[in-house]
Visitor: 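Provided herewith is a single structure, encoded as structure tokens, for subsequent inquiry.
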Amino acid sequence: MTDDERALVLGGGGLTGVGWLVGIIAGLADIGVDLRRNELVVGTSCGAIVGAHLAWNADPLELYDHVVATASRGPARLLTAQAMAELGSLIAEGQNQQLARARVGRTALTAKALADSAELPAGVSALCPFETWPERALRLSAVDADNGEFVTLEKSYGVSLRDAIIASCALPFVYPPAQVANRRWIDGFIRSPANVDLADKCQRIVVLAPMAQGFSPAGAVPDQVHEIRERTGAAVAMVVADESVEAVNVNPMDPAHLPAVAEAGRRQAASVAGEIAEVWA
């Protein structure tokens, strides 16, 4: 990549995170800011779903309508406070982050998930029915459940786009680890909510993160953005869900809340359009 290329980084945030992402992207398109004009898309978890659509040049307004109509029909899940605390404690133990992610993976392999093994593939297929990779650079994040390795899944990795999205979305305790390419995977969110550093060769970066903080303090989105700015001098615009979104986002794993979250994201776009346009133009 050349130093002046643009990257769009889309973070994770549950099923309703899909709604917020398509909402804010549609809202920006409403006022003339087209985030499809990029050379690289990075997606983590629900950001992998939306990122695949944009890498394939989907119309933001049509994507908004499709996601709101499709995702809101799915089953509700709830990652309990106890489960979130357990995930946090597994990652917080020790200084080696890969070993910490491996602890999460081993726990996920033995724990009973809320959903069966068919639910996540079916949901991904409904929302994002792509098998082949686009020509545009698309990088999706996932974690090997057995050894904690953080892996960038892209066209050269040799798996279908659909399988890469499933691997990136396999949130521990909610979904069983995904079986892809003879490996077992958990959600890339376990390493970071957005994995912004996968775009650190670009000089203009827009980061849309439904959640700024994840399970690992080392992967917080604001910290990653600050580090890239300081190290590379890149122009980075970061947007996270605001209070109006949080007010309607009662359970990020309940698709019934997705339409309201999408609407709130679309409204939020007006308040951040100037900052994003300054980086993107």
Side-chain angles (χ1 to χ4, degrees), residues 1-13 17 21 25 35-56 91 97-98 101 128 133-144 148-159 161 163-171 178 180-181 183 185-240 276 279-280:
M1 289 191 180
T2 59
D3 286 344
D4 60 348
E5 288 185 325
R6 287 167 294 197
L8 174 63
V9 178
L10 303 176
L21 288 171
I25 290 166
L35 293 181
R36 293 175 297 176
R37 296 172 57 234
N38 62 68
E39 288 69 45
L40 168 66
V41 179
V42 174
T44 293
S45 197
C46 69
I49 294 172
V50 180
H53 278 280
L54 293 186
W56 270 111
I91 293 175
Q97 288 299 299
Q98 180 170 340
R101 293 192 296 269
C128 192
W133 292 79
E135 290 303 315
R136 186 179 316 186
L138 173 63
R139 297 174 184 165
L140 309 182
S141 64
V143 171
D144 186 300
E149 179 187 5
F150 175 71
V151 177
T152 303
L153 299 174
E154 49 194 331
K155 188 175 184 179
S156 62
Y157 196 82
V159 301
L161 177 52
D163 282 349
I165 295 169
I166 292 169
S168 186
C169 290
L171 181 62
V180 173
R183 299 176 76 172
W185 304 93
I186 55 176
D187 198 325
F189 191 100
I190 295 301
R191 192 248 188 179
S192 165
N195 296 293
V196 185
D197 52 330
L198 295 184
D200 66 358
K201 295 296 189 293
C202 293
Q203 282 297 298
R204 288 182 283 170
I205 305 170
V206 167
V207 181
L208 304 180
M211 295 182 181
Q213 305 292 329
F215 301 109
S216 170
V221 178
D223 294 342
Q224 288 190 332
V225 168
H226 176 75
E227 192 275 334
I228 287 176
R229 284 173 175 156
E230 292 293 308
R231 178 167 53 83
T232 71
V236 187
M238 178 187 69
V239 182
V240 298
I276 291 178
V279 169
W280 211 239

Visitor: Among residues at least two apart in sequence or on other chains, which ones pass side chain to side chain donor-acceptor pair (under 3.5 Å) with Q213?
Guide: none
Visitor: Examine distances only and state if a side-chain atom of W133 and a backbone atom of L138 form a donor-acceptor pair shorter than 3.5 Å.
Guide: no
Visitor: Looking at W280, is R204 sitting on its ring face, NZ or CZ under 6.0 Å from the six-membered ring centre and within 45 degrees of the normal?
Guide: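 That pair does not qualify as a cation-pi contact.
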Visitor: Would you name the heavy atoms of G219 and P193 that are closest together and state the gap between them?
Guide: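 What the structure gives for the nearest pair is O-CD, 3.1 Å.
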Visitor: Kindly give the heavy-atom pair with the smallest separation between R136 and R36, and that separation in Å.
Guide: NH1-O, 2.7 Å
Visitor: What is the distance from atom OG of S45 to atom CD1 of I190, rounded to the nearest 0.5 Å?
Guide: 9.0 Å
Visitor: Just to verify, what does R229 make a side-chain contact (heavy atoms from CB on, under 4.5 Å) with, not counting sequence neighbours?
Guide: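 So R229 forms a side-chain contact (heavy atoms from CB on, under 4.5 Å) with V225, V236.
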Visitor: Please report the closest heavy-atom contact between A170 and A178, naming both atoms and the distance.
Guide: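 Heavy atoms of A170 and A178 come nearest at CB-N, 4.0 Å.
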Visitor: Test your reading of the model: is there a side-chain donor-acceptor pair from E39 to the backbone of E5, 3.5 Å cut-off?
Guide: no
Visitor: Return each pair, listed once, that meets ring-ring contact (aromatic ring centres under 6.0 Å, His included) where at least one residue sits in residues 186-218; pairs must be two or more places apart or across chains.
Guide: F189-F215
Visitor: So which atom in A7 and which in A199 form the shortest heavy-atom distance, rounded to 0.1 Å?
Guide: CB-CB, 3.7 Å
Visitor: With T232, which residues qualify under side-chain contact (heavy atoms from CB on, under 4.5 Å), at least two apart?
Guide: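 T232 satisfies side-chain contact (heavy atoms from CB on, under 4.5 Å) with Q203, I228, A234 once adjacent residues are dropped.
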Visitor: Tell me, do C128 and L161 make a side-chain contact under 4.5 Å, heavy atoms counted?
Guide: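 Result no, sub-4.5 Å side-chain heavy-atom pair not found.
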Visitor: Measure the spacing between CD1 of I25 and CG of L8 and express it to the nearest 0.5 Å.
Guide: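 So the CD1 of I25 and the CG of L8 are separated by 6.0 Å.
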Visitor: For R183, what residues pass the side chain to side chain donor-acceptor pair (under 3.5 Å) criterion, not counting sequence neighbours?
Guide: D144, E149, Y157
Visitor: State which residue, out of Q98, Q97, R191, fulfils the side chain to side chain contact (heavy atoms under 4.5 Å, CB included) condition with F150.
Guide: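 With F150 as partner, Q98, Q97, R191 yield a single side chain to side chain contact (heavy atoms under 4.5 Å, CB included), made by R191.
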Visitor: Who passes side chain to side chain donor-acceptor pair (under 3.5 Å) against E135, sequence neighbours left out?
Guide: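 For E135, the residues satisfying side chain to side chain donor-acceptor pair (under 3.5 Å) (neighbours in sequence not counted) are K155.
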Visitor: Check this for me: does any side-chain nitrogen of one of D187 and R101 sit under 4.0 Å from a carboxylate oxygen of the other?
Guide: no
Visitor: Is there a side chain to side chain contact (heavy atoms under 4.5 Å, CB included) between V279 and I205 once you walk through the steps?
Guide: CA-CA 7 Å; V279 169; I205 305 170; 5.8 Å; no
Visitor: Please test R139 against L40 for side chain to side chain contact (heavy atoms under 4.5 Å, CB included), starting from the C-alpha separation and ending with a verdict.
Guide: CA-CA 8 Å; R139 297 174 184 165; L40 168 66; 3.7 Å; yes
Visitor: Mind checking the CD1-CG spacing from I49 to L21? Nearest 0.5 Å is all I need.
Guide: 9.5 Å
Visitor: With sequence neighbours left out, what residues match A48 under side-chain contact (heavy atoms from CB on, under 4.5 Å)?
Guide: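 A48: side-chain contact (heavy atoms from CB on, under 4.5 Å) contacts with L140, I165, S168.
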Visitor: Can you list the residues that meet the salt bridge (charged side-chain N to carboxylate O under 4.0 Å, His left out) rule with R231, with sequence neighbours excluded?
Guide: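 Expected list: D200, E227.
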Visitor: Please walk me through it: do R6 and C202 pass side chain to side chain contact (heavy atoms under 4.5 Å, CB included)?
Guide: CA-CA 6 Å; R6 287 167 294 197; C202 293; over 6 Å; no
Visitor: Checking D163 now: which residues fulfil salt bridge (charged side-chain N to carboxylate O under 4.0 Å, His left out) with it, not counting sequence neighbours?
Guide: none
Visitor: Using the test side chain to side chain donor-acceptor pair (under 3.5 Å), find all partners of S141 that sit at least two apart in sequence or belong to another chain.
Guide: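 Only T44, N195 meet the side chain to side chain donor-acceptor pair (under 3.5 Å) criterion with S141.
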Visitor: Can you find a pair of side-chain heavy atoms, one from L208 and one from I276, that are under 4.5 Å apart?
Guide: yes
Visitor: Quick check: closest heavy atoms across C46 and G11, and the distance to 0.1 Å?
Guide: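 The answer is SG-O, 3.6 Å.
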Visitor: Show the nearest heavy-atom pair for residues V9 and A194, with the distance to one decimal.
Guide: CG1-O, 3.5 Å
Visitor: Report the C-alpha separation of V42 and L10 in whole Å, then their side-chain angles, then the decisive distance to 0.1 Å, and conclude whether the side chain to side chain contact (heavy atoms under 4.5 Å, CB included) test is met.
Guide: CA-CA 6 Å; V42 174; L10 303 176; over 6 Å; no
